[in-house]
Structure formats: C-alpha cells, structure tokens
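Working notes, beginning with the structure itself.
Residue numbers start from 1 in every chain, and the chains themselves are labelled A, B, ... in the order their sequence lines are given, proteins ahead of strands. Keep in mind that what you see is a predicted model, and the values were worked out from it rather than measured.
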Amino acid sequence: MIVNDIRPLLAPMISILCAVLIFWRGGNAFLRRSFSISAAIVKWVVVFSMLQGSLAGKIYVTELIPFVPGISFLLRVDGLGMFFGMVSSTLWIITTVYAIGYMEGEHARKRFFAFFALCVSTTVGIAFAGNLFTLFVFYEMLTVCTYPLVIHEETPEAMRAGRKYLVYTLTGGSLILFSTALTFYLADTVTFAEPGILSISNGVGLLAAMFAMFMLGFGVKAAIMPLHGWLPSAMVAPTPVSALLHAVAVVKAGVFGITRIIYNIFGVSTLKDMALEGMDVASVLMWAALITIICASLMALMQDGLKKRLAYSTVSQLSYIVLGVSLLTPDGALGGIVHIANQAFMKITMFFVAGAIYKKTHKKNISEMHGIGHKMPLTMATFTIASLGMMGLPPTAGFISKWYLCLGALDAGKMVVVVILLLSSFLNAAYFLPIVYRAYFMKPQDGNLKTDEAHWTLLVPCVICALYVIALGLFADLPFVPLALARGAVTGFFGL
Amino acid sequence: MAEFAHHCPVLMVITFLAGAVLTPIVSKSKKKFSFWWAFFVSLLALLFSSCAVWSLYTKGPISYWLGGWEPPYGIEIYFDYISSITFLMTVLGALIILYSKKYIEHDIKEEKLPVYYTLVLLLLCGMVGFSITGDMFNLYVFLEILSLSGYALIAITEEKLTAMASFKYLVMGAVSSMCVLAGVALLYNVTGTLNMSDMALRLQQFEPIATSYMALCLFVVGFCVKAAMFPVHVWLPDAHALAPSPVSALLSGLVIKVGIVGLLRVIYGIYRLGGAIDFTTVTNFMGWLAAITVLVGAFFAFFQDDIKMIFAYSSISNIGYIIMGISLISFTQPERGYLGMVGGLIHIFNHAIIKSTLFLCAGAIIYKTGFRKLSDLRGIGKKMPITCGALTIAALSIAGIPPTAGFICKWFIVLGAIEFGRGIWAAALLIGAIFVFAYYIKIVNAIFFREPAEPILEVDEAPLSMLIPIVILAISCLVFGVFAYLPLAVIKPAAATILGLPPTYIPPGG
Amino acid sequence: MHEEVSSILPVLAVSIPVLFSITIFLLGKEYDCWRGWLAVAASAVTLFIVLLMLPGSLKGTIFETHLMMIVPGIWMFLRVDQLGLVLALGAATLWFLSSMHSIGYMEGAHAQKRYFSFLTLCLAWTVGVAVSGNFFTYLIFYELFSISTYPLIVHEETPDALAAGKKYMIYILVGSSFVLFAIIYTYFLAGTLTLSQAGILSLAEHGRVPLLILFWSYMIGFSVKAAVMPLHGWVPDAHPIAPAPFSAILSGIMVAVGAFGIMRVVLNVFGPTLVQELGTGLIMAYIVSFTIIVSSILALDQDNLKRRLAYSTIGQMGYIILGTVLLTTYSVWGGVLHIVNHAFMKGTLFLCAGTIIKQTGKKNVSEMRGIGKKLPITMGAFTIAALGMIGVPPLVGFISKWYLCIGSLEAGEIIFVIVLLISSLLGAAYFLPIVYTAFFQKSDEEVLGEEHGGHAAVAVDPKGKKQLEAPRVMVVPVVLGAMGVIIVGLFADLRYFPLSIVKVAVSFFVK
C-alpha cells in the first residue's frame with residue numbers, strides 16, 4: 001500500500017538543517033552539542049514513526065520535483081530502505097554521544113559535527129531513495145561529505161588517505177552513473193521495482209556488462225577485493241568517523257546499492273534467466289565475495305594497528321552481505337540484509353573500543369595493548385562480546401546472520417559457501433581473540449592493574465551497542481528488530 | 001508590451017554598443033564613474049534580454065527586420081531559442097561588471113578604467129550580436145568585435161606576459177576569423193545570399209558540391225579555434241589564466257561559448273536545415289576530438305600549480321563536454337541526438353555559471369593575497385570562508401557531483417552518448433570527470449585542510465561587491481542542480497528546434 | 001509412555017548459576033573469601049533443582065520450557081528428558097565437589113574473582129547443554145560453554161598455559177564450525193531441529209550422500225570436544241595446565257559434553273534405525289576402539305600425573321561413544337551410565353592430583369614415592385577411584401563396563417569386548433604403579449634418613465610435620481567422590497540411582 005507522506009523527506013532534511021545550524025552557531029560547544037543530539041533524536045523519532053506502518057507493508061513515498069525529465073526526485077520507504085534507515089539513524093544517536101566525548105579538545109569541531117550530520121543525512125537519503133537516480137545523487141553526496149571527515153587530522157597521511165578514498169569512490173561513482181544511464185536507456189525508467197525492471201530481452205551480454213559495472217561501482221564502497229584499497233587507509237580518520245562511516249554509512253551504502261541493483265533493478269528472475277543463458281553474473285559476484293572474505297581475513301591477521309585490523313575485518317564482513325544477496329535465495333538474502341544491521345552494531349562497538357583505548361592510553365597497536373583489560377575491564381568486555389559476535393557464536397547477532405547465510409547457501413546448493421563461511425568464522429577468531437587474550441591474560445607493561453575506564457560518553461555507547469549485539473542475537477524474532485524488517489524486504493523481492 | 005518585446009533584441013545590441021561608445025564621454029571628469037555607467041548599461045541590457053526571452057517563450061521566435069527591409073535583402077535579427085543565451089550573457093555581464101569595481105581598480109591605473117569598461121561592454125555587444133543575428137556577414141562582424149575587444153582586455157594590465165598571451169590569442173584568433181570569413185564567402189558564392197534561413201533554403205537546391213562541404217570544414221575549424229578545442233586549444237590556458245579575473249570569467253564563461261553558438265548556427269541552422277549534404281562525418285570527427293579534448297584538458301590541468309591555470313585547462317575539458325553533446329547527431333533520425341543536444345546546451349549554460357564562479361573566486365583570493373599558486377594559498381579557507389566555500393561548491397559542480405548543476409550535464413551527455421551508441425565517448429567523459437575532481441580536490445585540500453602560512457594569516461574576507469556576484473553564482477550552481485527543470489524548460493525546446501523537432505518534443509520514456 | 005509438562009525448573013537450573021556467577025563477579029575485594037562458598041552454593045542449588053526433577057523424570061515426565069523464539073520457527077527451548085537429566089545430574093554433582101575443592105586449592109591464587117565466576121558460569125552452560133530441547137539451543141549453550149572455559153584453562157597465565165589455551169581454542173573452534181555446519185544442514189534437510197523424537201531424518205527422503213556428509217560433520221565436530229583420536233590434541237595440553245579442580249570438570253564433564261553431543265546425534269537426530277541403515281555406527285565404533293587402545297598405551301608413557309589422567313580420559317570417552325554407536329540396549333545403557341560414572345571417578349582422581357600438587361608441589365608420578373604416607377586419605381580415595389577406572393567390581397566402573405561388554409556381545413561384535421578387556425588391563429598398568437609408588441615406595445627423605453641412620457622423621461619435610469594431609473575443604477570432596485564411586489557401584493540398581501534413570505532414558509530410543 002503506497003502512502004504519500006512528508007516524512008521520508010523530513011528524515012534527511014533534519015540532519016541537513018542540523019548541519020546548517022552547526023555551521024551557523026556551532027562555535028559554541030553547548031549549542032553544537034544540543035543541535036547534534038536533538039537532531040539525532042528527532043530524526044530517529046521520525047524514522048521510527050514509520051516503522052509500524054512499514055512492518056505492516058505500507059510504503060511511504062515523497063515525490064519531489066522532477067529532477068530531470070523522466071526521472072523525478074523520489075523518496076520511497078520500503079522494507080529494505082526502512083531497515084537501513086532505522087539502523088543508521090539509531091547508530092547516529094549513539095555515535096553522536098560518543099563523538100562528543102571523543103572530539104573533546106580536537107580541532108575544527110564545528111566542521112566535524114556539521115559534516116557528520118550531512119553524512120547521516122545522505123545515508124538516510126540513500127536508504128530512502130526511490131529510484132536509482134536519487135540513490136546515485138545521495139551516493140555521490142555521501143562521498144563528498146565524508147571527505148572532510150576522513151582527512152580531519154590534516155596530516156600528510158590523512159591527506160593521502162583522503163585522496164585515495166576519493167579516487168576510488170569517484171571512479172566507482174562514474175561507473176554507476178554510466179550504468180544508470182544505460183539502465184534508463186534500456187528500461188526507460190530507473191525506479192526501483194519488485195521484482196526488477198530489466199528483463200532478459202534487453203540482451204544478455206549487455207546486461208552482464210551492466211551488472212559488472214554496477215558491481216564495480218558499488219563494490220568500491222562495499223570494499224569487495226580488489227576494490228578495497230581505500231578502506232584500510234581511511235582509518236586515519238577520528239574513531240567516531242571510522243565507526244559510523246566505515247562500519248555503517250559509507251560501506252553499507254555500497255552493499256545497500258548492490259542489494260538494490262540485484263533485487264530492484266535486475267530482479268531475481270532476470271538474474272536466474274541470465275544464468276541459464278550462460279551469464280551467471282550472480283555466481284561471479286558470489287565468488288568475488290568469497291575470495292574477499294578469505295583474503296581480507298588473512299590480511300587482518302597481519303595487521304598490528306587495531307583500527308587497521310578492524311578495517312580488514314570490515315572488508316571481510318561486508319562480503320558476507322554481498323555473498324548473501326548474491327545467493328539469490330530468500331534465506332541468503334535475509335542473512336545478507338540482516339547482517340547489515342548486525343555487522344553495524346558489532347563493528348561499531350569495536351571501533352568505539354579502539355577509540356576509547358586510544359583516547360585513554362594513546363595506544364593504537366595491538367602489540368602495545370598488554371593487560372588493557374585490567375585497566376578498562378568494561379570496555380574490553382564489550383569488545384569481547386563483539387568479537388564473539390563477529391565469529392558468529394550464538395547467542396550473538398553474528399550468529400543469526402551466519403545461520404541464514406548458511407541456510408541460503410544450502411538452498412542454492414552451494415556447499416562450498418558454507419565451508420568458506422565456517423572457515424571465515426575461524427579466521428575471525430584467529431584475529432580477534434588474540435586481542436582479547438592480550439588484554440586479559442597478559443600483564444600490562446607498566447605493571448599497573450588499576451581500573452581506569454574512559455569517560456562515560458565513550459563508555460556508555462560501547463556498552464549499549466554490545467548489549468544490543470546480544471539482544472539482536474537472543475531476541476532476533478521480536479517485532480521492531482532488524483530481522484522482521486529484513487524479512488519484509490525479502491518477502492517483496494522474492495514475491496513470497 | 002508585445003510591440004516593445006519585438007524591439008528588444010536589437011535594443012540589447014544598441015544598448016551595449018552605445019554604452020561602450022559613451023563610456024569615455026560620461027566618465028571624462030570622474031574616471032570611477034565609468035563603473036556605475038557600465039553597470040547601468042548592463043542592467044538595462046538585462047532588462048531587454050529578459051523581455052526578449054519572455055517573448056520568445058510566450059510567442060515564439062522574434063524575426064526583426066533592420067530598417068524594415070525584408071530579408072533576404074535587408075539584415076535580419078533572428079531571436080530564436082539559441083539566442084536565449086543572450087540572457088545568460090547579460091546576467092553574467094552585469095555580475096562581472098559589479099565584481100570588476102574593486103578588482104580592476106586594484107589592477108589597472110585609474111585613467112584606464114573607462115577603457116576597461118568600454119572594452120567589456122564592446123565584448124558583450126559582440127557576443128550578444130553574434131547570438132541574435134540572422135545574417136552571415138553580421139555574424140563575422142560581431143565575431144571580430146568580440147575577438148578584438150577580447151585581445152585588448154587580456155593585455156589591459158600591460159604586463160609583459162599578458163601581452164604575449166594576448167598576442168598568441170590574436171594570432172590564432174585571426175586565423176580562425178579568416179577561416180570563418182572564407183566560409184562565409186564560399187557559401188555566398190554557392191548560394192548568393194547572406195541571410196541564414198535563405199541560405200539554408202537555397203543550399204537545398206544545389207547538389208552537394210565540394211564548395212559547400214569545404215565551407216563547412218572552414219566554419220568548423222574556425223569556430224573550434226574560438227571554442228578552444230583540442231588540438232587548437234593552445235591559446236586558451238595563457239590567455240585565460242593571465243587576464244584579469246573578471247575578464248577570465250567572461251572569456252571562459254561566455255566567449256568560448258560563442259564558438260559553440262557559431263557551430264550550432266552553421267551546422268544546424270544552415271546545413272541541417274538545408275539538408276543538402278550529410279555532415280555527420282564532420283560531427284562524428286568533432287565528437288571524437290571532443291572526447292580527446294575532455295581527457296587532454298583534464299590531464300593537463302592536473303599538473304598545474306597556478307589556480308587560474310587549472311581553471312583554464314578545465315575549461316578546455318568542459319568545452320569537450322559541450323561539443324561532444326552537440327556532435328551526437330544523426331542525419332536521418334534527428335531524435336536520436338536529442339538527449340545529447342540537451343546535455344550540450346545545458347552545459348553551455350551551467351559551465352558559464354560554474355566557471356565564472358571559479359574565476360571570480362580565484363580573483364577575490366588573488367585580490368586579497370596577491371598569490372595565485374596553490375602552494376602559497378594554503379589555509380586560505382579559514383580566512384576567506386565565504387569565497388572558498390563558493391569555490392568548493394563550484395568545484396564540486398564542475399566535477400559533476402550530484403546534486404549540483406554540473407551533474408545534470410554529465411547525466412544528459414552520458415545518457416545521450418549511450419543512446420547514440422557511443423559508449424566510449426561517455427566513458428571518456430566520466431574518466432575526464434574523475435581527473436577533474438582529482439585536481440579540484442587538490443585545491444580544496446590546499447585551501448581548507450592545510451595550516452595557513454604567515455602572509456595568509458593577515459588576510460580577511462573579500463569586499464561585498466565581490467562577494468555578491470560570487471554568492472549569487474555559487475547558489476545558482478546548487479539551485480540549477482536541484483531545480484534542474486528551470487533551465488531545462490528553456491533548453492528542451494531549444495534542443496528540439498535545433499534538431500528540427502517540434503519545440504514540445506518529448507523523448508520516449510520521458 | 002511419557003508426558004510433557006511445562007515447568008519452570010529447567011529455566012531455574014540454567015539461570016541460577018548465571019545469577020550466582022554475576023554475584024561472584026560483582027562482589028568487592030573485601031569479600032574474596034565468599035566467592036568460593038558462593039560457587040559451592042550455586043552448584044548445590046543447581047543440584048537440588050535437578051534432583052527435584054528426578055522423581056518425575058523416572059516416571060517418564062519430560063519438563064519443558066519454551067523460552068522465546070530466536071529466529072522464526074526456532075525456539076529457545078529447554079526440555080529435560082531423561083538423557084539430559086543424567087548429564088545435568090553428573091555435572092551438578094561434580095561441580096559441587098570441584099567448587100568445594102577449589103576453595104582450598106585456589107587459596108592465595110590470583111584472579112579468584114575470574115576463576116569462581118567463570119566456574120559457576122560454566123555450570124550454567126553445561127546444564128544448558130543438558131536441558132536443551134533442540135539443537136539450536138544446544139548450539140548456543142555449547143558455544144558459550146566452549147568460550148567460557150578458556151579463562152579457566154589459561155588461569156595460570158604462564159606461557160605454557162597460554163599456549164595450551166590457544167591450542168584449545170583452535171581445536172574447539174574448528175570443531176564447533178563443523179557442528180554449526182551440521183546443524184544448519186540438518187535444519188535445511190529436516191526443517192526442524194527438535195530433539196523430541198528418535199530420528200528426524202530418513203534415508204528415503206534425504207538420500208545417502210547428504211546424510212553421510214551430515215553424520216561425519218557431526219562426528220568430527222563433536223569428536224574434537226570428546227577427544228576422539230586423532231582430534232584429541234588439545235586434551236593432554238589443556239588438562240594438566242588448568243587448575244586441578246577445573247581439570248576435574250574438564251575431564252569429567254567437558255569432554256563428556258562432546259560425547260553427549262554424539263549421543264544426541266545418534267539417538268535423536270538420526271535415530272538408531274537410520275544409523276544402522278547407514279552403517280556408520282560400526283565405523284565409528286572401530287575409530288573409538290582405536291582411540292581406547294592407543295590412548296591407554298600413550299598414558300603408560302606419561303610421567304606427569306595429570307597428563308596421564310588426561311590420556312586416560314581420552315580412552316574413557318571412547319567407552320561412552322562405543323556404547324552409543326553399538327546401538328544395543330545394553331551398550332547404550334553402559335555408554336550413558338559411563339558419563340556419570342566417569343565423572344565421579346575421573347573427578348575424584350583429578351581432585352586428588354590437585355591436592356597432591358597443592359600440598360607437595362609434586363606433579364610427576366616419579367616424584368611421588370611415599371606420598372601415600374603423607375596424604376593417606378587423599379591417596380586412599382585416589383586408589384578407590386583408580387580401581388574403579390580399571391573396572392574392579394563392585395565399583396562404578398565395573399557397572400558401565402559390564403553393560404558395555406554385554407552390549408557388544410548383543411551386537412555380535414566380540415572384538416569390542418576384547419578391546420574393553422585390553423583397555424582394562426592397560427588401565428591397571430598405568431594406574432596401579434601410581435598407587436604402588438605412593439604407598440609402597442619410600443620417599444626420598446626416608447631413603448635419605450635411613451642412609452643417615454634412623455632419624456628419618458627429623459628430615460621429613462620443610463613444614464616440620466610428617467602428616468601433610470590437606471585442609472578439610474579439599475579432603476571432603478575427594479572422600480565424597482570416592483564414596484560415590486563405591487556406593488553407586490554397590491547399589492547400582494536402586495531407584496534414584498543413575499542406572500534407573502538411564503534405563504528410562506534409553507527405553508525411548510532403543511527398544
């Protein structure tokens with residue numbers, strides 16, 4: 001049921017307004033904080049107010065001015081969009097609290113918080129985009145808005161990372177633009193539809209080329225190997241940025257785009273038809289994801305910088321999502337989509353912890369973190385929970401995703417996927433558990449065992465996220481948690 | 001009112017011409033008064049051009065017979081959809097004149113101020129005249145007026161380098177003018193008329209002969225030099241970079257577009273309408289060259305340190321966009337070229353706005369600091385936030401990042417190229433855009449994210465008369481991106497009529 | 001024959017130790033001495049709750065709680081059947097003994113907070129494994145259990161301990177990956193994971209190859225924990241390195257949880273009929289026979305007492321699995337019963353080893369000459385338990401071995417009887433020398449004293465007294481364990497004793 005509503009527009013506009021206000025009066029710390037937090041909360045309320053309807057199958061639509069002929073600027077909240085919007089607006093609140101604590105005493109806070117708000121705005125825009133064109137607009141805006149955050153430190157290293165980030169993402173963006181134009185040419189529309197707007201009659205070879213370009217384009221942000229190069233370098237950014245943007249917004253925008261392309265542009269049946277014609281592009285994507293999962297995990301093993309290791313782990317985890325959606329089975333898609341939320345909460349916890357440690361001790365490398373668990377027991381406990389979640393141990397959120405991914409793979413008759421997923425859990429353990437181990441079971445170098453936790457603004461977000469990781473695992477089936485939303489989306493994709 | 005609108009096109013030209021002539025006279029005693037005069041003239045011309053455009057969209061093209069002589073015997077002023085570019089010219093002209101007030105006082109001696117404003121008004125006169133005339137010889141005359149005033153404006157600061165740049169421009173410009181003149185002569189030889197529509201009609205009656213083909217080639221070469229397309233672009237970087245910034249804005253924003261208007265007039269106004277010879281070989285060749293131009297311009301810009309030099313090279317690249325867009329034409333199926341044409345035309349409009357913003361911002365920075373190298377300008381963004389903010393918006397826009405104006409063009413041209421089956425052109429354009437962004441980000445990095453050096457610390461924001469045009473233009477970069485349907489309302493019928501389709505033409509799926 | 005009753009007891013059995021664990025963790029520094037007793041209390045309460053279910057369970061009642069739906073269609077579902085009750089009973093008892101022993105053993109040790117809270121937490125997860133009503137719930141508790149044991153294994157934080165911990169983690173994670181795969185595959189094939197009936201798969205419906213893949217995935221996964229050779233690598237490292245009271249649990253229950261998993265797979269998931277159709281049971285039986293013999297031979301060679309006990313454990317797990325896969329009534333009786341019996345015996349042995357280490361600092365058998373005189377009660381208990389291991393009647397070890405032998409004969413596989421007998425002989429060969437060394441060899445000091453002419457008593461020990469017997473908190477559990485070994489053996493067939501419940505449990509599966 002389609003409902004015309006202003007709220008899909010309102011959600012991104014709130015953050016834009018917040019950014020404007022911060023630019024205007026953000027010099028004052030109190031005002032800056034009030035703007036950021038109140039905007040985060042108001043936005044969450046707006047998004048949340050649509051949740052009930054969305055679960056009941058309503059689709060909220062705001063159609064704005066025709067952007068260019070044939071394509072209007074369309075915001076449309078369907079199940080998948082609601083899912084992503086909900087995740088990012090929830091995490092925005094938590095990250096804002098964290099960022100306020102973390103950025104204490106840093107330079108250019110006005111700029112930081114303003115662009116932070118802009119990024120969230122565009123992320124929600126991506127979530128609510130109703131057609132490929134709107135999606136692309138927000139997608140490119142996200143690239144640009146993230147840049148000042150990535151290079152926030154303004155060190156040569158940060159500048160290099162920023163440049164790399166732009167080169168990668170803009171190249172990807174060009175490919176998306178190119179294939180969007182092709183889509184419009186072929187289908188005469190770019191509006192997301194279930195199930196897809198392209199059909200095999202458009203020519204298998206052309207479709208395959210388009211699919212490849214879309215995947216290369218979105219694959220940059222989704223960090224599918226070998227397009228992942230920017231992500232580890234971008235870790236020079238302040239931790240809240242790494243947390244929100246490189247675990248949630250930016251990278252998820254990539255996988256979200258891939259999901260949209262597979263299910264709303266091509267459609268399951270078209271991709272299956274293509275496979276019958278000998279162009280099994282979904283399988284190619286699946287293999288790329290599998291290779292990424294393994295290679296990124298191996299690379300993560302070799303990193304000493306905590307954030308670098310987390311970055312490679314992100315690369316690997318993102319491919320879980322890509323893998324899930326490329327399986328073209330309901331369970332696989334469900335696992336992939338729900339992993340968007342699950343991975344977000346787990347990874348954000350880890351980044352928060354990395355930030356808290358850095359803020360408290362100025363330690364960046366794992367090899368320096370002997371006995372950090374004695375110093376910051378609660379912080380490291382949240383890290384441990386998140387690590388276990390990453391490994392996919394029950395009853396954490398990671399397990400739910402893995403469960404559905406494996407079921408989906410079996411459904412698709414791809415036993416090898418299951419094997420690799422399990423191998424990957426093992427690798428996850430291999431690079432996360434040594435950190436936990438070092439923190440708790442090795443003595444600190446200075447021999448000081450006194451508890452000295454980070455400031456509450458840093459600690460509370462960690463704890464909330466960690467609790468949520470468990471809650472997502474234990475209560476996965478309650479209404480209002482991501483699984484239910486993802487299920488709604490998948491139902492539409494497969495016409496169940 | 002309608003009667004008045006009918007006279008407006010010609011009034012525009014007359015206003016500028018008379019204004020130019022009168023400038024030295026009215027400001028004889030008080031040199032600085034020449035600014036207010038020129039500003040007044042430009043506003044008056046803006047009024048006329050608004051009326052003319054309004055009339056164009058309510059009543060259709062205006063055909064004005066100079067002195068009441070019926071064409072083809074008399075001279076015809078023909079204000080059609082292409083001519084609506086005059087509106088852009090008058091708006092930008094007014095803004096740039098406003099901007100010049102402070103800038104040019106700083107750059108040249110006071111007694112030369114009237115000369116400057118005279119030349120600016122003459123330049124505008126030439127451009128406006130060029131765009132609205134329906135007569136081939138007039139076309140040439142106006143081309144010379146604008147070229148000559150352009151050469152003079154570049155050299156107005158009397159520095160050695162600018163004189164060299166101006167001379168280089170002069171040599172190339174003269175050759176191109178000769179080409180155009182030769183083309184006019186050949187066509188006159190074939191058809192025996194100078195009126196464009198008449199020429200088109202008569203061209204139909206002749207067999208496709210080598211002469212008219214040759215004339216076409218001459219026109220294309222001539223106008224391509226003016227538009228600075230690869231490989232005849234060599235004059236542009238020096239000329240645009242070394243001229244005073246408002247002049248650079250005029251040259252880059254508008255003057256090179258005159259070459260495009262010339263191409264549109266000749267190829268589509270005469271040869272397509274005439275239908276005698278299949279010019280797609282030529283347009284195809286132009287398109288390929290344009291694709292190379294996009295890449296070459298972007299590539300060279302990457303290695304510049306002087307900000308105005310970067311902008312100048314990026315102009316070359318963007319001219320490539322436009323020519324690519326208008327080269328997507330099929331002789332037999334005009335509707336296939338529709339989207340590309342829309343893209344090309346809208347980029348004329350958007351690039352003018354964007355590039356003017358860039359040059360005016362650069363000018364404001366140079367005015368305040370005296371530096372023009374990126375390496376000297378580190379951290380300027382903290383001292384001149386509004387100017388640099390505008391610069392950033394324009395930079396994003398020129399790189400085609402949505403939702404700015406530049407994106408619309410990219411979208412249409414890419415779409416057009418794909419629909420036309422020229423995926424490689426689209427690819428070249430997108431690769432070029434990445435390059436463009438790469439070097440604009442270099443600028444943004446330097447001005448915002450580096451620690452300011454010693455001399456920069458004392459700088460403050462530019463004066464209001466500079467900020468107003470900059471801010472207006474920067475906002476338009478955003479507004480015409482989000483509300484793209486505004487310029488498109490004008491450009492779609494223009495594209496349709498150029499291709500010989502009804503003005504209300506709607507492409508399939510649109 | 002059986003009725004299902006909705007009850008809160010299963011939830012309590014799991015949640016009470018969790019609450020205790022949290023309490024132990026949150027207590028301040030000044031309450032250090034309380035932690036141990038709280039752990040004892042936790043296990044006592046858990047034992048009590050489990051015992052509350054015993055009478056009903058003997059009548060065939062099955063206690064169930066549907067906790068919540070984790071993912072659609074799959075409940076977090078606790079269900080206490082007789083088989084689960086056996087494990088829960090064994091676990092709670094052993095934990096009771098072990099926690100009590102820990103109070104003495106851990107005195108003055110570091111990180112007591114961590115030790116006791118994780119110890120109690122592990123109890124909760126073990127009971128959770130026992131009372132899981134479907135494999136999904138099972139998996140949750142199984143994984144939690146595996147992870148929670150890690151801090152206990154590496155408790156000493158020495159490089160050796162950390163290396164052993166790492167090895168443990170790697171083995172267990174590989175194992176649980178197989179288990180996870182298998183469980184997902186089961187769900188895919190059968191569409192359910194419930195453990196409420198005998199067999200949810202069928203050969204006709206699912207085909208031979210998928211079922212074989214499934215079976216062996218389960219076997220590999222659980223065999224890691226159950227220490228079936230060649231997947232036993234972590235056991236000889238982890239057992240000696242962990243604190244002795246926890247080694248007791250590790251050996252008595254933890255590995256048995258792996259064997260219990262195999263039991264669930266064979267009895268609940270595949271069902272005896274299907275396993276027989278597949279013919280995989282016998283292969284598994286040969287593998288574990290190999291394990292039984294080889295581990296016993298390896299045990300002979302160990303000088304470190306706890307290491308020797310660890311190899312013995314590997315062998316004993318083979319008994320349990322052997323009994324299960326032979327799939328005759330008596331053999332399954334023997335297998336299930338051996339979970340409890342082995343927990344008693346091996347728990348006692350490890351607790352004794354702990355007392356020895358704590359009191360004398362001696363870890364190697366070769367150093368233990370004459371130790372029986374210094375620790376008479378402890379070594380007495382050790383002897384009883386060791387005899388039980390060898391299978392001397394009327395001790396508990398005999399009962400299980402008896403049923404195993406009868407079961408093998410019933411299955412017509414006489415070779416396994418021979419294996420069991422050889423294993424007994426080897427058991428005697430590696431246990432009796434310890435007893436002999438402890439009681440009948442003279443200690444170094446005595447030898448020294450005799451050489452110096454008579455005043456041996458003077459040079460006996462640094463503390464200046466001859467008797468080194470442990471404090472009461474360490475002696476009592478050991479004695480209780482030894483008494484258990486005797487009494488449960490003597491009165492094996494009495495109502496409320498393990499065998500009675502085992503009979504009911506097995507009657508559901510094997511007719």
Side-chain angles (χ1 to χ4, degrees), chain A residues 23 64-73 108 111 122 125 133-145 147-148 150-156 158-159 162-163 165-190 206 209 213, chain B residues 339 342-343 346 379 381-382 385 389 392-393 395-396 399-404 407-408 410-421 423 426-427 429-438 440-442 444-446 448-451 481-486 488-489 492 506-510:
Chain A
F23 271 128
L64 292 175
I65 37 163
F67 199 61
V68 285
I71 300 164
S72 57
F73 197 85
R111 180 179 83 199
T122 47
F133 185 82
T134 318
L135 178 71
F136 176 72
V137 169
F138 281 115
Y139 188 83
E140 289 286 78
M141 278 167 73
L142 180 63
T143 305
V144 175
C145 296
Y147 180 71
V150 173
I151 60 163
H152 184 81
E153 307 287 347
E154 300 185 8
T155 56
M159 302 304 270
R163 201 155 54 233
Y165 167 66
L166 280 181
V167 170
Y168 272 85
T169 45
L170 288 170
T171 313
S174 301
L175 285 172
I176 297 170
L177 177 60
F178 191 90
S179 20
T180 305
L182 260 177
T183 309
F184 184 62
Y185 167 60
L186 291 179
D188 277 333
T189 173
V190 288
L206 186 59
M213 279 192 291
Chain B
L339 287 173
V342 170
I346 197 165
K382 284 168 186 128
T392 311
I393 291 174
L396 292 179
I401 303 294
T404 56
F407 171 64
I408 309 296
K410 211 159 81 171
W411 169 255
F412 273 108
I413 299 172
V414 169
L415 203 57
I418 287 174
E419 198 152 281
F420 203 76
L429 191 145
L430 292 173
I431 293 167
I434 294 171
F435 262 103
V436 171
F437 197 76
Y440 278 102
I441 210 65
K442 228 167 73 174
V444 175
N445 269 343
F448 277 114
F449 303 115
R450 298 282 165 110
E451 278 312 303
V482 178
F483 303 98
Y485 66 93
L486 290 175
L488 279 171
K492 280 193 290 182
I506 295 166

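Nearest heavy-atom pair across B:Leu415 and A:Ala181 is CD1-O, 3.1 Å.
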*Check the pair B:Leu429 / A:Phe178 against side-chain contact (heavy atoms from CB on, under 4.5 Å), numbers first and verdict last.*
CA-CA 10 Å; B:Leu429 191 145; A:Phe178 191 90; over 6 Å; no

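Of the listed residues (A:Thr171, A:Leu175, A:Leu186, A:Thr143), the one with the most heavy-atom contacts under 4.5 Å to chain B is A:Thr171. Ranked by heavy-atom pairs shorter than 4.5 Å toward chain B, the options A:Thr180, A:Thr155, A:Ile151, A:Val167 are led by A:Ile151.
Proximity to chain B (any heavy atom under 4.5 Å) is shown, for A:Leu170, by both the backbone and the side chain. Using a 4.5 Å cut-off between heavy atoms, B:Lys382 touches chain A through its side chain atoms alone. With a 4.5 angstrom heavy-atom cutoff, B:Ala426 touches chain A via backbone and side-chain atoms both.
Using a 4.5 Å heavy-atom cutoff, the side chains of A:Tyr185 and B:Val414 are not in contact.
Between the CZ atom in A:Phe136 and the CZ atom in B:Phe407 there is a gap of 5.0 Å [rounded to 0.5 Å].
Not counting sequence neighbours, the partners of A:Thr134 by the side-chain hydrogen bond (donor to acceptor under 3.5 Å, both in side chains) test are A:Asn131. Under the side-chain contact (heavy atoms from CB on, under 4.5 Å) criterion, A:Val144 pairs with B:Leu396, B:Ile401, B:Phe437, sequence neighbours left out.
Using the six-membered ring where Trp is involved, A:Phe184 and B:Trp411 have ring planes that are tilted, between 30° and 60° apart.
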